2 protein chains.
Amino acid sequence: MVEYTLHLDGIFHSLADPIRRDILRRVAERNLSIGELVEKYEVSFAAISKHINVLEQAKLVRRRKEGRRQFVVLQPATLKEADAYLEQYRRMWESRYDKLEKLLEEGE
Amino acid sequence: MVEYTLHLDGIFHSLADPIRRDILRRVAERNLSIGELVEKYEVSFAAISKHINVLEQAKLVRRRKEGRRQFVVLQPATLKEADAYLEQYRRMWESRYDKLEKLLEEGE
DNA sequence: AGTATATTCAACCATATGGTTAAATGTTAT
DNA sequence: ATAACATTTAACCATATGGTTGAATATACT
């Protein structure tokens with residue numbers, strides 16, 4: 001039946017876009033309003049608004065209303081799920097066997 | 001400028017699909033031929049072949065030809081990049097501040 | 001050589017994605 | 001009340017995605 005934790009779909013899908021990764025990076029520094037974020041990119045206000053929707057659905061950020069502005073707030077805890085997913089592979093990429101595999105690739 | 005490491009796009013995009021995550025999980029156990037993988041899912045041979053293309057482009061797997069069959073081989077080292085990406089947020093989701101944030105959310 | 005097996009390729013389809021512009025909504029300032 | 005500001009919504013567009021079926025290709029078996 002493939003997978004129980006459909007939540008990962010949204011998290012990884014969010015992270016697959018460079019603008020969204022950049023938004024995360026910036027709001028990890030400090031909370032920014034949507035307008036402030038828009039200034040950083042060469043796309044429309046609406047486009048950024050949509051990106052933030054994607055991130056919000058994935059629970060990677062939430063919105064905090066403040067007057068007529070909305071601040072985007074990182075929810076770093078959600079990234080734990082992605083980390084937990086990768087965890088199961090960590091021993092593999094750290095193993096000597098994997099390093100051998102890499103050598104074989106390069107040796108082709 | 002958004003982001004230099006476009007490689008992450010392909011990695012995270014790959015991981016955003018449950019069938020592809022499941023393929024990774026299975027080939028992490030042992031190398032499987034495409035045909036063997038097809039049996040596990042209720043989609044066509046061609047669909048699985050495409051999924052493997054996506055994973056291969058992202059360098060998460062490679063194909064090893066063996067007679068008329070092709071075995072799908074995990075390349076776990078690539079996942080290191082995803083892990084390195086998450087790394088920069090780890091201290092944030094482990095911090096007490098983040099735990100406080102979570103409490104505030106739940107308290108709403 | 002001819003047949004069966006394993007996989008890819010091509011054409012196609014429906015839906016999703018990331019973008020746009022313009023109008024609508026909500027909030028603050030005058 | 002009205003104007004300015006911040007954001008969302010709606011309608012639209014091009015391309016990507018994930019799926020299909022059927023023909024083509026490559027390898028192995030008899």
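Side chains included, hydrogens not; waters and symmetry mates left out as well; all remaining heavy atoms used. What you are looking at is a predicted structure, and each value in this text was computed from that prediction instead of being measured. Throughout, a chain's letter reflects where its sequence line sits, starting with A, and its residues are numbered from 1.
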Exercise for review: Considering just the side-chain nitrogens and oxygens of A:R68, establish if one lies under 4.0 Å of OP1 or OP2 belonging to C:dT25.
Suggested key: no
Check your understanding: Phosphate oxygens OP1/OP2 of C:dT20: is one of them under 4.0 Å from a side-chain N or O of A:S44?
Key -> yes
Exercise for review: Decide yes or no on side-chain contact (heavy atoms from CB on, under 4.5 Å) for B:R20 and B:L24, but give the supporting numbers first.
Suggested key: CA-CA 6 Å; B:R20 286 194 294 262; B:L24 286 181; 5.8 Å; no
Exercise for review: Establish, yes or no, whether the cationic atom of B:R21 lies under 6.0 Å from the six-membered ring centre of B:F12 and within 45° of the ring axis.
Suggested key: no
Study note, to complete from the structure: The side-chain contact (heavy atoms from CB on, under 4.5 Å) partner of A:L55 among A:L74, A:I23, A:L15, A:I11 is A:I23
Practice item. Would you kindly give the CD-to-C1' distance between B:E39 and C:dT7, to the nearest whole Å? Key: 14 Å
Check your understanding: In whole angstroms, how far is the C1' atom of D:dT20 from the NZ atom of B:K50?
Key -> 8 Å
Check your understanding: What is the distance, rounded to the nearest whole Å, between atom CG of A:L32 and atom C1' of D:dT7?
Key -> 16 Å
Practice item. Could you check how far CD1 of A:I23 sits from C1' of C:dG18, rounded to whole Å? Key: 12 Å
Check your understanding: Quick one: which of B:H51, B:R63, B:R62 gives a side chain to side chain donor-acceptor pair (under 3.5 Å) with B:E56?
Key -> B:R63
Check your understanding: Where the side chain of B:Q70 is concerned, which of D:dT9, C:dT8, D:dG19 is the nearest nucleotide?
Key -> C:dT8
Review point. Does A:S49 have a side-chain nitrogen or oxygen under 4.0 Å from the phosphate oxygens OP1 or OP2 of D:dT8?
Key: yes
**Study point:** Nearest-Å distance for atom pair CZ/P, residues B:F45 and D:dT25
**Key:** 17 Å
Review point. Which sits closer to the 5' end of DNA chain D, B:D17 or A:G35, going by the nucleotide each is nearest to?
Key: A:G35
Study note, to complete from the structure: Comparing A:A47 with A:R69, nearest DNA chain C nucleotide closer to 5' gives the residue A:A47
Study note, to complete from the structure: note: B:R20, atom CZ; D:dA16, atom C1'; distance rounded to Å ~ 12 Å
Exercise for review: Calculate the interatomic distance between A:R63 atom CZ and C:dG26 atom C1'; express it in whole Å.
Suggested key: 14 Å
Point to revise | Single-linkage hydrophobic cluster, 4.5 Å side-chain cutoff, A:I34 and A:V43 together | key: yes
Revision key, fill the gap. Rounded to whole Å, the CD1-C1' distance (A:I19 to C:dT17) equals 13 Å
Review point. Under 4.0 Å: is that the gap between some side-chain N or O of B:H13 and OP1 or OP2 of D:dG18?
Key: yes
Review point. If you check every side-chain atom of B:I34, which of C:dC9, C:dT7, D:dA28 has the closest atom?
Key: C:dT7
